[in-house]
Amino acid sequence: MSKILIIEDEAAIRRVLTKILSEENDTYQVEEAEDGAAGFEKIKNNDYDLVLCDIKMPKMDGVEVLEAVKKIKPEIPMVMISGHGDMETAINTMRLGAFDYISKPPDLNRLLNTVRNALDKKQLVVENKILKKKVSKNYEMIGESEAINHIKLMIDKVAQTEARVLITGPNGTGKELVAHQLHEKSERANFPLIEVNCAAIPSELIESELFGHVKGAFTSAVKDRAGKFEAADKGTIFLDEIGDMSLSAQAKVLRALQESMITRVGADKDIKVDVRVVAATNKDLKKEIAEGRFREDLYHRLAVILIKVPSLNDRREDIPMLISYFADKIASEQGNAIKKFSKDAIYLLQEYDWTGNIRELRNVVERLIILGGSEISENDVKLFASK
């Protein structure tokens with residue numbers, strides 16, 4: 001059922017709209033409110049898939065209702081109903097976030113098309129939220145150790161700000177999880193998170209990858225191409241392994257941070273970008289600075305907030321939770337029954353030296369599930385998880 005609220009102070013128009021919608025589709029559940037204040041109360045206390053709202057009403061006019069609804073339930077599409085003299089106001093409501101407007105008396109086809117389109121949009125929003133929840137589960141931070149709880153607390157404090165974050169820690173510790181959590185909990189969550197592995201891109205291509213290029217800028221530049229900074233506009237760019245970036249690319253990243261401007265390779269035109277930068281590295285950047293391989297001014301621009309992700313050896317108390325998480329995930333991915341790990345097996349795994357950190361633990365858990373018995377025993381660990 002699609003739940004629709006009509007906010008209209010003229011009873012005759014309310015009745016007409018209700019009749020049209022009810023007869024059009026028996027899955028439309030239509031409710032009414034006689035003024036803006038009553039309508040807003042209903043919206044606060046109920047979930048609606050669509051609101052049709054008159055503009056000129058007593059107590060609260062339609063613009064006030066629209067602004068108030070967008071603050072508490074921005075996902076609800078609002079269609080404004082305008083009299084002839086309200087058309088300019090109706091158009092202005094689109095800038096405030098209204099889905100559309102229809103004029104009085106309502107044209108039947110336009111009304112029904114607008115309602116269908118608005119409900120389709122709401123469904124897409126719902127599906128997108130469900131998908132984002134599924135995606136975000138891939139970036140959960142598993143563990144209750146003091147170190148992990150400290151990181152979670154920092155993420156909650158920092159995510160809603162625009163502060164740049166530098167994430168440090170050894171390979172395989174989950175630095176990308178921190179970046180994803182920072183993005184998903186930020187005001188930029190509805191815009192892209194663009195990931196760039198600086199260590200995986202050849203140094204001669206990194207500038208083109210980050211900032212784009214124009215046709216003819218170099219031999220293989222056969223057409224104009226936008227870079228990662230442009231793709232991340234209004235969202236977040238995650239520069240992983242930034243310690244491996246060339247000095248010339250560092251200079252351009254510094255300019256992007258200072259001026260919110262980038263220039264495509266081979267172009268002379270600046271492009272304004274609105275991007276939050278989160279960076280990560282497994283290197284000691286202060287040592288890199290001392291040896292002339294990393295710019296100190298860029299470091300200070302990036303390291304407004306420092307988050308250090310500990311090695312797995314420094315959070316061994318999280319290993320049982322991580323084993324359980326990976327065992328469930330692997331069973332789900334492979335369509336198999338979940339295998340349990342004995343207490344002795346878990347204890348032995350907690351004693352290992354995890355030089356490859358969480359990435360290595362995940363591989364070992366998968367190996368044990370494939371090669372071990374119906375319950376993973378201490379002997380299975382000795383046979384199949386040995387270094």
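Between Pro310 and Ile151, the closest side-chain pair of non-hydrogen atoms falls below 4.5 Å. Residues Ile55 and Asp61 have side chains not in contact (no heavy-atom distance under 4.5 Å, counting atoms from C-beta outward). Side chains of Val214 and Val265 form no contact here, defined as non-hydrogen atoms less than 4.5 Å apart. With contacts defined as side-chain heavy-atom distances shorter than 4.5 Å, the pair Val196/Ile237 qualifies. Leu119 is listed as a side-chain neighbour of Tyr28, based on a closest heavy-atom distance under 4.5 Å. The side-chain heavy atoms of Phe99 and Lys121, taken from C-beta on, include a pair separated by under 4.5 Å. The side-chain heavy atoms of Glu360 and Tyr352, taken from C-beta on, include no pair separated by under 4.5 Å. Inter-residue side-chain proximity for Trp354 and Arg316 is flagged as met; some heavy-atom pair is nearer than 4.5 Å.
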- Audit row: Glu375, Lys340, salt bridge (Lys or Arg N to Asp or Glu O under 4.0 Å) steps and yes/no: CA-CA 5 Å; Glu375 179 183 76; Lys340 301 293 183 185; over 6 Å; no
- Item | Criterion side chain to side chain donor-acceptor pair (under 3.5 Å) on Gln160 and Ser186, from CA distance to verdict | CA-CA 5 Å; Gln160 293 294 318; Ser186 75; over 6 Å; no
- Item | Lys382/Asp344 under salt bridge (Lys or Arg N to Asp or Glu O under 4.0 Å): CA gap, chis, key distance, verdict | CA-CA 11 Å; Lys382 289 177 180 176; Asp344 289 339; over 6 Å; no
- Task: Any chance you could lay out the side chain to side chain donor-acceptor pair (under 3.5 Å) test for Asp353 and Asn313, step after step, and finish with the verdict?
- Result: CA-CA 7 Å; Asp353 178 22; Asn313 288 338; 2.7 Å; yes
- Please walk me through it: do Ile194 and Thr236 pass side chain to side chain contact (heavy atoms under 4.5 Å, CB included)? CA-CA 6 Å; Ile194 303 296; Thr236 305; over 6 Å; no
- Task: Run the numbers on Arg295 and Asp297 for salt bridge (Lys or Arg N to Asp or Glu O under 4.0 Å), then give the verdict.
- Result: CA-CA 5 Å; Arg295 294 181 64 115; Asp297 47 4; 2.8 Å; yes
- Task: In sequence, state the C-alpha distance, the side-chain angles, and the governing distance for Glu8 and Glu32, and then conclude on side chain to side chain contact (heavy atoms under 4.5 Å, CB included).
- Result: CA-CA 8 Å; Glu8 168 62 66; Glu32 300 178 13; over 6 Å; no
- Message: Checking Glu195 against Asp240 for the side chain to side chain contact (heavy atoms under 4.5 Å, CB included) test, could you report, in this order, the C-alpha distance in whole Å, the side-chain angles of both residues, the deciding distance, and whether it holds?
- Response: CA-CA 7 Å; Glu195 299 181 62; Asp240 197 9; over 6 Å; no
- Are Thr173 and Arg359 close enough, and set up right, to give a side chain to side chain donor-acceptor pair (under 3.5 Å), and what steps lead you there? CA-CA 7 Å; Thr173 52; Arg359 195 175 294 148; over 6 Å; no
- Take Ser208 and Phe218 through the test side chain to side chain contact (heavy atoms under 4.5 Å, CB included) and record every step on the way to the result. CA-CA 10 Å; Ser208 169; Phe218 45 86; 3.8 Å; yes
- Candidate pair Ser311 and Asp314, rule side chain to side chain donor-acceptor pair (under 3.5 Å), full reasoning: CA-CA 5 Å; Ser311 68; Asp314 290 333; 3.1 Å; yes
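Listed for the Arg315 side chain is no donor-acceptor partner under 3.5 Å among the backbone atoms of Ser145. Using a distance-only test at 3.5 Å, with no hydrogens or angles considered, a donor-acceptor pair links the side chain of Lys339 to the main chain of Gly373. Looking at Asp49, its side chain does come within 3.5 Å of a backbone N or O of Lys3 through a donor-acceptor pair. In this structure a side-chain-to-backbone donor-acceptor pair under 3.5 Å is missing from Lys70 to Leu96. The backbone N or O of Glu241 sits nowhere less than 3.5 Å from a side-chain atom of Asn197 that would complete a donor-acceptor pair. Ser332 places no side-chain N or O within donor-acceptor distance of the main-chain N or O of Asp328, the cut-off being under 3.5 Å. Formation of a donor-acceptor pair under 3.5 Å by the Lys228 side chain with backbone atoms of Leu239 is not found in this model. At distances below 3.5 Å, at least one donor-acceptor pair connects side-chain atoms of His183 with backbone N or O atoms of Phe191. Counting only distance, with no hydrogens or angles, the side chain of Glu259 and the backbone of Met261 share no donor-acceptor pair below 3.5 Å. The main-chain N or O of Asn117 is never found under 3.5 Å from a side-chain atom of Asp120 such that the two would form a donor-acceptor pair.
Closest approach of Lys56 and Asp9 over heavy atoms only: O-OD1, 3.6 Å. Residues Val275 and Phe229 approach most closely at CG2-O, 3.4 Å, considering heavy atoms. Glu366 and Arg362 make their closest contact through OE1-NH1, 2.7 Å (heavy atoms, listed as atom of the first residue, atom of the second, distance). Heavy-atom minimum distance, Asp156 versus Lys185: OD1-NZ, 2.8 Å. Across every non-hydrogen atom of Phe211 and Glu230, the tightest pair is O-OE2, 3.8 Å. Across all their heavy atoms, Leu166 and Ala280 have their closest contact at CD1-N, 4.2 Å.
Sparse packing is recorded around CG of Asp268, with 12 or fewer heavy atoms of other residues, nucleotides or ligands lying under 6.0 Å away. More than 12 heavy atoms of other residues, nucleotides or ligands sit less than 6.0 Å from atom CD of Gln258. With a 6.0 Å radius and a threshold of 12 heavy atoms from other residues, nucleotides or ligands, Tyr347 has its OH atom at or below the threshold. Atom NZ of Lys308 has 12 or fewer neighbouring heavy atoms from other residues, nucleotides or ligands inside a 6.0 Å radius. Crowding of Lys215 atom NZ: a count of heavy atoms from other residues, nucleotides or ligands under 6.0 Å not exceeding 12.
Residue Thr263 is tested with Lys252, Arg255, Glu207 for a side chain to side chain donor-acceptor pair (under 3.5 Å); the sole match is Arg255. Of the residues listed (Thr168, Ile307, Asn282), the one engaging Lys175 in a side chain to side chain contact (heavy atoms under 4.5 Å, CB included) is Asn282, and it is the only one.
Ile206 and Phe238 sit in two unconnected hydrophobic clusters of ILVMFWY residues. Membership requires side-chain heavy atoms under 4.5 Å apart, directly or through other members. Residues Val253 and Ile305 fall into different hydrophobic clusters, defined by Ile, Leu, Val, Met, Phe, Trp and Tyr side chains chained together at heavy-atom separations under 4.5 Å. Val79 and Met57 end up in different hydrophobic clusters when Ile, Leu, Val, Met, Phe, Trp and Tyr side chains are linked at under 4.5 Å. Both Ile369 and Leu371 are part of a single hydrophobic cluster, where members link through side-chain heavy atoms under 4.5 Å apart. One hydrophobic cluster holds both Met80 and Phe40 under the rule that ILVMFWY side chains link at heavy-atom gaps under 4.5 Å.
Distance check: Leu21 CG to Ile6 CD1 gives 5.0 Å after rounding to the nearest 0.5 Å. In this structure, the separation between CZ on Phe294 and CG on Leu247 is 9.0 Å, given to the nearest 0.5 Å.
Defined by atom type and a distance below 3.5 Å, a donor-acceptor pair is missing between the side-chain atoms of Arg110 and Asn113. For the residue pair Tyr48 / Glu31, a side-chain donor-acceptor distance below 3.5 Å is found, with atom types taken as modelled. Judged purely by distance below 3.5 Å, without hydrogens or angles, the side chains of Asn92 and Thr89 never pair a donor atom with an acceptor atom.
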